[in-house]
Amino acid sequence: MLTLLCLVPFLPFVGFLILAFFGARLTKSIIAGVGVGSVGVAALLTIMIGASFIGAPPPGDAFTQTLWSWIDVGNFNPAIAFHLDALSLAMMFVITFVGFFIHLYSVEFMREEEGYSRFFAYMNLFVGSMLILVMADNLLLLYLGWEGVGLCSYLLIGFWYRDPANGYAARKAFVVTRVGDTAMAIGLFILFTNLGTLNIQEILQQAPQEWMTGSGIAIAAAALLLGGAVGKSAQLPLQTWLPDAMAGPTPVSALIHAATMVTAGVYLIARTHVLFQLAPIVQTLVAVVGALTLLIAGFSALTQRDIKRVLAYSTISQIGYMFLALGVGAYAAAMFHFMTHAFFKALLFLGAGVIIHCLHHEHDMFKMGGLKQRMPVTFWTFLIGGASLAALPLVTAGFYSKDMILWLTWSSEIGSPWLWAAGLLGAFVTAVYTFRMIFITFYGKARTEPDKSPGMAMTVPLVVLAILSIAGGFVETPATLGHITAFSSQLHTVLADVSALHPSVSTELLFQGIAALVTILGIFLAYRFYLQKPQAVRTSEAPAMSGVQSFWFHGWCFDWLYDRLFVMPYLWFANINRGDATDYLYTGLARFLQAVYHGLRLTQTGRVRNYAAVIAAGTIIIIAMVIML
């Protein structure tokens, strides 16, 4: 069964090729069958391969399948090869399984849109590229998938390209993430120059032997990889592209935020965690970046009106929790939260898509309201997703994964009370903005009436993801609740967590109680201000914002800052440098050729006697030159 591993990314690529070349000639039913079916079969194959892998683990708990040699120049010989272990299997499961339900949802959501086959072609290419990224056994192949998802994000964010704002958002995402990609590329050069290989497993084995902990080269390599990770995963300071990425169709937002692109940075750090352990200062920086990002994004989410932008800032914040876990060595906790987050964030985006789809494409929460009775299935599934995002104690998947991160941030050997406090404050803010969104959207007076109801293609994914948003947490429970380790038992052998549980179980229970109370307090405050006394949401307009609220609303003005630090100086320099010496050289050459052309044109008189005279003169000159020489 493991020999079928290569078919998992191959099937979405085949779907992409069919739709790209023949999509214009196919009916919408066939387009949907190809787009959804290719990802669905890939998901079934992943489940079968996973069952075989877990039931009969290969030697070393890893399996590598080499298809062919890609490049063979000197000692540089990366191959098209896939590496399967617990980490890549977990990623594959989320990408294909959640991706399949997003594709299924898109069948109905995008049916009336122009470019139906183009949409599914891009989506299949997106899934295939992400699978290449997580399955690659060498960093060059990983980088190919890395750039593939960057391309697909550009194509899908700007899918409705006729609107200039969508094109701007797509270009912004592409340019900002290229900053991180450049850093990552330099990091790959450093790794190959010093270790002589880009094979991931060889790097993880050789690096501790070649470099001392804290060595400059290890710090440089890890820092550059971190640069790539913060760009792709929209972490501080390269987080500005993700809120604008909401310009794309809602299924695109779900795929980017839940199953593909923004989790690539988390995977990269987890996969190369040995390098970060050799650079403690960079690993600490990972935790600090995560802590700051989760707070900045959380406060921004508190002030948004657009339901999709609330979820966008929420994604930035939740990825921040994953970075926080990676920074304290709790790698399995980070990947556990990645999995649960994929379930409830995909559910929330798809639920928001149903609302937008049925409310005349309305995005403003303050123009919604009263949808609890009008859209009951959407309400209950959205409530489950929101409760999981807010980490409602005991009953939601988000509680178990986020609690694990908070606990290990405190108890890990390289953890910190300050980082724990930041995570706890972030949990409080998350509970407030999540239920603010729920109360404004589903309760109170109805301001926009739904004009349609979602069909089965949109409803089934909501129900399945809602079940997973609850049940997904029970694969990894804390010591206070039985300590089930079905998820991390395999991952620990791959990731080698450095987190340690020194405090007693009673101490862990105390910290769980604190986290639970903070979440409940956040929900209560949201209830108090947005449901019990909803003066602010009884009108169609949101309340006026204070200076601080406006600052948070505009993403802490990072766009404003970057415009003045980078964009405006560049434009100023480009303007004054418009006529530099190099331009004069090429402009002069062009003008010289224009003059020669005009001179030659004057000789074309159309008179035969003139042409004969010139020929005769030329002949005399040539004869004279021959005689003289």
Side-chain angles (χ1 to χ4, degrees), residues 28 32 102-120 122-123 153 155-170 173 242-258 301 304-315 345-379 381-382 385-386 437-438 440-459 461-462 537 539-542 553:
K28 288 189 174 182
I102 294 173
H103 275 68
L104 178 61
Y105 175 97
S106 303
V107 171
E108 180 180 344
F109 187 90
M110 299 296 296
R111 181 166 291 278
E112 303 303 322
E113 298 292 338
E114 183 182 356
Y116 197 65
S117 63
R118 178 167 57 92
F119 175 82
F120 279 102
Y122 291 165
M123 293 282 278
S153 68
L155 295 173
L156 286 166
I157 292 170
F159 179 78
W160 290 316
Y161 59 88
R162 297 183 190 276
D163 186 343
N166 297 339
Y168 170 79
L242 194 59
D244 290 334
M246 298 303 95
T250 300
V252 173
S253 303
L255 194 63
I256 290 176
H257 289 245
Q304 301 302 309
R305 297 175 56 125
D306 187 326
I307 189 171
K308 286 180 65 176
R309 288 182 73 89
V310 175
L311 296 175
Y313 279 110
S314 170
T315 297
K345 186 54 61 69
L347 170 60
L348 288 170
F349 266 110
L350 298 185
V354 171
I355 297 169
I356 294 168
H357 186 69
C358 296
L359 266 65
H360 319 286
H361 301 284
E362 181 60 67
H363 287 237
D364 192 339
M365 296 184 299
F366 290 89
K367 296 180 181 179
M368 298 178 185
L371 299 179
K372 178 182 176 182
Q373 289 78 24
R374 292 165 175 80
M375 305 176 69
V377 175
T378 304
F379 164 71
T381 54
F382 197 92
M437 173 176 59
I438 291 172
I440 292 174
T441 302
F442 291 97
Y443 288 83
K445 180 181 177 181
R447 300 171 194 87
T448 304
E449 290 292 336
D451 64 346
K452 65 186 74 171
S453 298
M456 291 299 294
M458 295 175 70
T459 303
L462 297 183
V537 297
T539 64
S540 61
E541 297 297 328
F553 179 82

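Given the structure is predicted, the values throughout are model-derived calculations rather than measurements. The residues of the chain are indexed from 1 along the displayed sequence.
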- With the side chain counted from C-beta on, respond yes when Val377 and Val354 share a heavy-atom pair under 4.5 Å apart, and no when they do not. no
- Residue set satisfying ring-ring contact (aromatic ring centres under 6.0 Å, His included) with Phe553, at least two apart, ordered chain then number -> none
- Residues at least two apart in sequence or cross-chain that pass salt bridge (Lys or Arg N to Asp or Glu O under 4.0 Å) with Asp244, listed by chain then number, are Lys172, Arg309
- Task: Could you pull out all residues at least two apart from Phe382 that satisfy ring-ring contact (aromatic ring centres under 6.0 Å, His included)?
- Result: Phe442
- Message: Just verifying a value: how many Å separate His357 NE2 and Leu350 CG, rounded to the nearest 0.5 Å?
- Response: 12.5 Å
- Is there a side-chain contact between Val252 and Met123 (heavy atoms, below 4.5 Å)? yes
- Can you tell me how far CE of Met365 sits from CE of Met437, rounded to the nearest 0.5 angstrom? 7.5 Å
- Note on the structure: Nearest heavy-atom contact between Pro454 and Thr378 is CG-OG1, 4.4 Å
- Item | Approximate separation, where rounding is to 0.5 Å, of Ile440 CD1 and Met368 CE | 10.5 Å
- Task: Quick one: sort the Phe109 and Tyr105 rings into parallel, tilted or perpendicular, breaks at 30° and 60°.
- Result: parallel
- Task: Give the minimum heavy-atom separation between Gly351 and Leu462, together with the two atoms involved.
- Result: N-CD2, 3.6 Å
- Nearest atoms (heavy-atom pairs only) where Gly248 meets Trp160: C-CZ3, 4.1 Å
- Item | Ala352 versus Ile307, closest heavy-atom pair with distance | CB-CD1, 4.1 Å
- Note on the structure: Interatomic distance, CZ@Phe349 vs NZ@Lys308, rounded to 0.5 Å, equals 7.0 Å
- Message: Going by salt bridge (Lys or Arg N to Asp or Glu O under 4.0 Å), name the pairs with one or both residues in residues 354-363, residues two or more places apart or in two chains.
- Response: none
- Item | From Asp306 atom CG to Ile356 atom CD1, the distance as rounded to the nearest 0.5 Å | 6.5 Å
- Is there a side-chain contact between Leu359 and Leu371 (heavy atoms, below 4.5 Å)? yes
- Task: For Glu112, enumerate each residue passing the salt bridge (Lys or Arg N to Asp or Glu O under 4.0 Å) test, keeping only those at least two apart in sequence or located in another chain.
- Result: none
- Query: Can you list the residues that meet the side chain to side chain donor-acceptor pair (under 3.5 Å) rule with Thr315, with sequence neighbours excluded?
  - Reply: His257, Lys345
- Residue pair Lys28 / Phe120, side-chain heavy-atom distance below 4.5 Å: no
- Report the residues that fulfil side chain to side chain contact (heavy atoms under 4.5 Å, CB included) with Ser117, sequence neighbours left out, ordered by chain and then residue number. Ile31
- Query: Do the non-hydrogen side-chain atoms of Asp163 and Tyr168 ever get within less than 4.5 Å of each other?
  - Reply: no
- Message: Restricting to ring-ring contact (aromatic ring centres under 6.0 Å, His included), what partner residues turn up for His363, sequence neighbours left out?
- Response: none
- Note on the structure: Residues at least two apart in sequence or cross-chain that pass side chain to side chain donor-acceptor pair (under 3.5 Å) with Thr441, listed by chain then number, are none
- Non-neighbouring partners of Gln373 that pass side chain to side chain donor-acceptor pair (under 3.5 Å), sequence neighbours left out: none
- Message: Could you check whether any side-chain N or O of Ser106 sits under 3.5 Å from a backbone N or O of Ile102, counting only pairs where one atom can act as donor and the other as acceptor?
- Response: yes
- Counterpart residues, side chain to side chain contact (heavy atoms under 4.5 Å, CB included), relative to Phe159 (two or more places apart): Met110, Arg118, Phe119, Tyr122, Pro249
- Correct closest heavy-atom pair for Ile438 and Gly386 would be CD1-CA, 4.1 Å
- Please round to the nearest 0.5 Å and tell me the distance separating atom CD1 of Ile355 and atom OG1 of Thr448. 11.5 Å
- Task: Please name the pair of heavy atoms, one in Ser253 and one in Ala245, separated by the smallest distance, quoted to 0.1 Å.
- Result: OG-O, 4.4 Å
- Query: Residues in side chain to side chain donor-acceptor pair (under 3.5 Å) with Arg374, at least two apart?
  - Reply: Glu449
